[in-house]
Every structure is written in C-alpha cells, then in structure tokens.
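Following: one structure in structure tokens, then a few remarks.
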Amino acid sequence: MSNDLFSDVNSNDTLISLTASLLNKIDDFVTEQESEQFCDDIKTVINFHDNQYYVKSNSLISDYDYDRLFKKLKELEENFPNLVTPDSPTQRIAHGLNNDFPTVQHLVPMMSLNNSYNITDLEDFDTQVKKALTQQAAVEYIAEPKFDGSSIALIYQDDRLVRAATRGNGVAGDEITLNAKAIKTIPLKANFSEYGISKIEVRGEVLLELAMLNKLNEDRKKQNEQLRAENKKELDLYKNARNTAAGSLRLKDSSEVAARKLDAIIYQIGYAENAAGIDITDIFQTHNKNLEILEKLGFKTPFHEKKIFTSILDVETFCKYWENKRDTYHFDIDGMVIKVNSIHQQQLIGKTSHHPKWAVAYKFKAKQAFSKLLNVEFQIGRTGAITPVAKIEPVQLMGVEISSISLHNEDFILDKNIMLNDTVIVERAGDVIPYIVGSVPEKRNGAEIKIQFPTTCPSCQHALVKPLEESVWRCINTNCPAQLEEHLIHFVSKQAMDIFGFGEENVRTFVANNIIQNITSIYTIDYDKVRQLEGWKEKSIQNLKDGIEASKHNELHRLIVGLGIRHIGSTTAKLLAKKVEKLSDFQTWTQEQFTELEDIGPKVAQSLFQFFGDAENINTIETLSTLGVNIYKTETTLASEKLSGKTFLCTGTFPQHSRDDIKVMIEKNGGKNLSAVSANLDFLIAGEKAGSKLAKAQKISSIQIIDEATFLKMIE
Ligand code: IVH
C-alpha cells in the first residue's frame, strides 16, 4: 500500500478502512511472518493520518486510536528491529543528541530574491521579463506569500527523505536531517518515483505558527515562575517566530524540535533527476503544477494561497490584498513572491549571480514605532569610516527588540534634525535593518542636546578627515588598531575567506594578545601562544588550523573580497578573478583598463587602480602566495567544447544577455574571446549599435557576422 495519494478521495477511503481493520486486530497475536505486512500497514496509516492532521488540518482518527497504533508499531519494531525503516514515523525523533551539523553542498545554489516595493518596481520587473523573452510571448505570473522563516532544502532519493539542510551561504548549508524529521509536515516518504524522479531537492521555509509562538512563551512564563521561586536564572522569552524556527533547526535534541511543532512549507523544486541521472527539474513545466504535485505527494505548499495572473496590475492588487490581511494570517509573512509560471520561460529568462530574473519579492511596507534617542556612539569601520550609532530606548518592532541603529553619517543626522533625547520614529521592514525615519520636534521639551561629531578618532585619537565629495569622516591612520581588527574580522568572515572556526571574538583576542598583526600573520600563527589562552584546547586549535589551511585553497574571488578594497564586493571580485593569471598581475593595469571591464564604473576603477598600484599591497599578495594562499585565476570548468578552436568578438548590445555574459558563455564552451577585429577572428557577434568593429569585420571575408540568437543556437 503506498501512502502518496493523500488527496485522492478513494484512496482516503481505502486508508480509513485499513485503519479500522488494523485497529480491529491490533490486540490479536501477530506472528513474526505477519508482522512485516502489519508493520508496513501501520506505518502507512500513521503517515496518512499525520498528513491529514498536520498538512490538511483534518482529523480522521481519535488521539486514543492514533496512540494505540503508534504504540503497537513501536512494540513490533522493538521485537523485530529489522522492521525499522528510515521512513517509519517512530524515526521522527532521534535517540541521543545531535552534536554537530556538518556543512553540505546544495545540489544547485539557493539564491536570493530581488526586492520590489511598489507598482513601478513590479512594472519594471514585468518589462525585464518580457524583454528577456523577446517575442511577444504571453507570460503568466504566479503570486504567493513570502514566508518569513528559515529556508530549508530537502533531498529525497528513491522516495525517502535522505537529507535536510539549511540555506547557509546559499551554496552550502548545515545538515539538519534529524531535526527536519521531527517536523511533522515534512514527509519522510513521498512517491516521486511515480513521476520517474529518483532524486529531488525541494525547497521551502521552516516556520512556527504565531499561535505556537505564544503558547511556547506561555509555557516559558510558567517555567520562569518556578525558576524565580527557586532563585534561579529565568529563561528569555522567544522574540519572534522566524528566529525561533531558525534556532530550533539547530537544537541538539530532536525531541525538543518536535515539541516546538514547527511547520515546513515547500515552494520550489530546486533540482530533480531520473534514474539515468538526467536533469528533469522542469518535468512539471509550470510552477503551479510543481505546487500541485508536491501538495499531492504530502507536502504543505502555498498551493491554496497562490493565484495566477496575466497582468502585472492584477498582481499588485493581489499583493495589496495580502498586505491587508497579513496580520490575520497564521504565519509571519513579509511580502509576496511573484514568479514566472512557465519553467521553460524561467530558464530562458535566467539569473544573475544573486537572484533569478524570473522572480521578484514584493515587500510589504515597513512598520513604525516611537522611541527615545538616549546616546550616540561613534564606531570605526574597516576603512576608517566613522559611523554614528544611535542607542535608543528598546522598542519592539515586528517581533524584534531594537536598541541600536546606525545613523550613517553626520549629514544624515543634520538632514533628519535629530538631537539627543529626541523622540525618534523607527522603521523596519522584514529583514531590513532598522532605520530612523526622523525625529518628532513637536515632542521636544527643552532637554534635547545637539549631537557633537568627534574631530579625532575614538580609537587612536588621530585627526579625522572628510575626503572631497564624501559625507563620511575617516581616520586615515593605517595603524589604527580599530581598523586593523575590523579588517581582519572582514578577512576571515563568511563573505571573504570564510575561515571556519575563526570568528570575530577570536580576531579580537588574537589582536589583543599580539598573536596576529595583519592578514599575512594569520598564516604564521604561533599556536603555542594560542594554547596559553583561556578556553583553547587541542581540538579547537586543530579546528582553527584546519580552517586556516583550507582557506589557502579558496577560489581567488574570496581573497579579493578579503583584501577589503573599497567598493569591491563579491560580484566584482568574481569578475576580476577571471581577468588575470595571478592576482599581482593587476599591478601593471591602468585605470582605463579597469574602467573597460563591464559593470565597473570610474569610482570602482579608481579604487582598484589605487589598491593594486600600491607596492605594499602587492607585497602582501605575494607574501600570502609564499605562505601557500591561492592567488591564481579561477578556472572555469567547461560546459561543452562546441566552440573549441574558434575565436569570437562581441560588439554592441544584445536583446537577451549582457556582453560579459556572452563572453563567459564563449569561454565556458571552449571558445576564445578576442579584443579586436583581425584576420584571426572567426565570428563577430554583432548586436544593436555595433559600430566600427562591425564595419571593419565586414571588410574581412573570412569573418562570419552573426547575431545573438545564432550564437545561442551554436551552444545549444
Ligand atoms: S522562491 C530564489 N518562494 O525568500 C528563488 N522563496 O529573499 C527561490 N521565501 O531564500 C525562492 N517565501 O527563503 C520563494 N514563496 C516563496 C518564499 C521564498 C519565502 C524566502 C526564501 C528565499 C528568500 C529570498
């Protein structure tokens, strides 16, 4: 008996009568031969009732009978341990503690979403989508809530849940399979094989119902009464559903996870393959069908919340409708997600390195609260920038307590007319960092004091400067200890070298104890000194050593980010990492060469030119190299050899892809990019506004002039 056709009425009837027949014979003596079938049937009906109850909010069995079945299953499994299977409902709660959550790679990266806030943004999205599809193709949009929880990726292999992971950095996350199994809305078994899928990664959000959050807090309050009576430390209340859900996924005890009654809503098929290992992610052709099938296989999905539209104006109306009812919905949602329904169109539209271009998040409006500005602290960033930080009377905003907010710079304070002791308006939209909208001058009572910006660095007392055209005051002392620390914290951080076991606290301690003095010293740490520090044992030292060692083999873009060059984030770093054989080669580049790179403006080019023109920086890079850190180009693995031996040059602008994207495609398929027209050139890909290069190429008969579509066919 399979347990997949949960939504099929006939099959419901069959399962209900199977339940009755099992209950009838439950106390009969069961022989060893009979137990296998009996056990299988009990598992099937329990999984069915779990799905009815937790996913469909439908109770078809009394608690009493459910418990009898569950107890019987446990008893049989204890008597005949070989009958225990990973998808048995008894396996939802692991025995013993779950001590570590190893890092695992996602089958394909989990991306972010681009945000939109109003109809203009949505219209822009609509225009971009249609432009990418070139022809006057009809587009269907599907809009569904944006659940504010903790993302999760579940892998089913041969119909069984084999792995669950958190999003992590999008490429790799923490493996939390045992805890995911404790979530009743995650099926342990789902009949994907019925569709010829042998391996699949589905994605969604782990959530805590708001009523459950309140209940957990009520329980904690009761526990606290007891703790108070015993003069013991009280427990903190859970601040909001999202953090509680995220925290729960990392609990060591999965019975504790089960007690929190989390939910999982699945909204995407990340990857699917058939038994031959062929990618069939697009098998159901539309997002709507994906949801329908997932729902049918026992997952909780936004199938009933979603709606399909052909006009972006109607999408907006639907988003507004949800915005008004968000407070009465049983989960926290911070917006809506709008997706192109057709998976084929999604693939045509493509993605950036950060988000798919076929989807957008419509963020609900921020919520506001009033508070009082108590103090302003001045913090020094990695680049010496001084940032004023407002310390306010703690306020709750959308479930999060806020007491500290950046005021950006001096001009911001002046513009917003903010004074100490002022009443200020604080705003927060979902994930967005809280923000001070302004002060409320009508509430002033004379106790307000002007905010004095410092003239010297709060760390090293060096005089501050304000570079031309900037609104930020900076400390330009390169030996300023505060900057060094921030610089090193950035270097080891996740977005840069991602050195496992080397967090902010460690950097601060190591700097304070003179164990590290600059970036290169990270690779020559004297571990005897570390051993003498409090709290460091052989195991943690080994972990740190391993983390540092592993970082030597990072792809080049991580080092580029880690160097902390102004204006250089990970996207630009990835672009740069492919442009030279080794990083120090940039020392010969002119500012113009940097400017010629696509997406690099004059400010960024200047910053790169200044950085790589500095002998000391080149020295740092070369020292890192002698210490074993990778400074070599990121090699792209070939997608095909279809263009092998052929040379290309792109000119003008193209309907579907950027020039840089096309250049990458050329290299990925074995071709070579040339920078000028010559007799060595095989193909000129000419777009709109192609100028002198086209004219020149037309004069050389051996050069084939093609358009983007022809090029795309060549690599199909
Ligand atoms: S689709 C990147 N659908 O929002 C495209 N995401 O800000 C795949 N999220 O990391 C995601 N509700 O964790 C999608 N209905 C929904 C969603 C949703 C919440 C989360 C998801 C993602 C984040 C991006």
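Note that ligands are numbered from 1 as they come in the structure, with each ligand's atoms numbered from 1 the same way.
At a 3.5 angstrom cut-off on N or O pairs, E205 counts as close to ligand 1. Inclusion of S151 in the set of residues having an N or O under 3.5 Å from an N or O of ligand 1 is warranted.
Between the side chain of N179 and the backbone N or O of L249, at least one donor-acceptor pair lies under 3.5 Å.
Contact annotation: P145 has at least one heavy atom less than 4.0 Å from an atom of ligand 1. Within the 4.0 Å heavy-atom cutoff, K339 counts among the residues contacting ligand 1. Judged by the shortest distance from any of its heavy atoms, R167 lies inside the 4.0 Å radius around the atoms of ligand 1. In this structure, H355 falls outside the shell of residues with a heavy atom less than 4.0 angstrom from ligand 1. In this structure, S112 counts as a contact residue of ligand 1, since one of its heavy atoms falls inside 4.0 Å of the ligand.
Donor-acceptor pairing under 3.5 Å is recorded for the side chains of Y271 and E273. Between the side chains of Y329 and E305, at least one donor N or O lies within less than 3.5 Å of an accepting N or O. A side-chain donor-acceptor contact under 3.5 Å links S640 and N669.
With sequence neighbours excluded, the residues forming a salt bridge (charged side-chain N to carboxylate O under 4.0 Å, His left out) with E218 are K221, listed by chain and number.
Counting only non-hydrogen atoms, the option in Y267, F147, W358 that gets closest to atom 22 (C) of ligand 1 is Y267.
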I'd like a table of donor-acceptor pairs (distance under 3.5 Å, sequence neighbours excluded) in which one partner is a side-chain atom from residues 102-113, with atom names and distances.
residue, atom, partner, partner atom, Å
H106, NE2, T166, O, 3.2
H106, NE2, R167, O, 3.0
S112, OG, R167, NH2, 3.1

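Listed by number with element, the atoms of ligand 1 under 4.0 angstrom from any heavy atom of E144 are 3 (N), 15 (N), 16 (C). Short contacts between ligand 1 and P356, defined as distances under 4.0 Å to a heavy atom of the residue, involve ligand atoms 2 (C), 5 (C).
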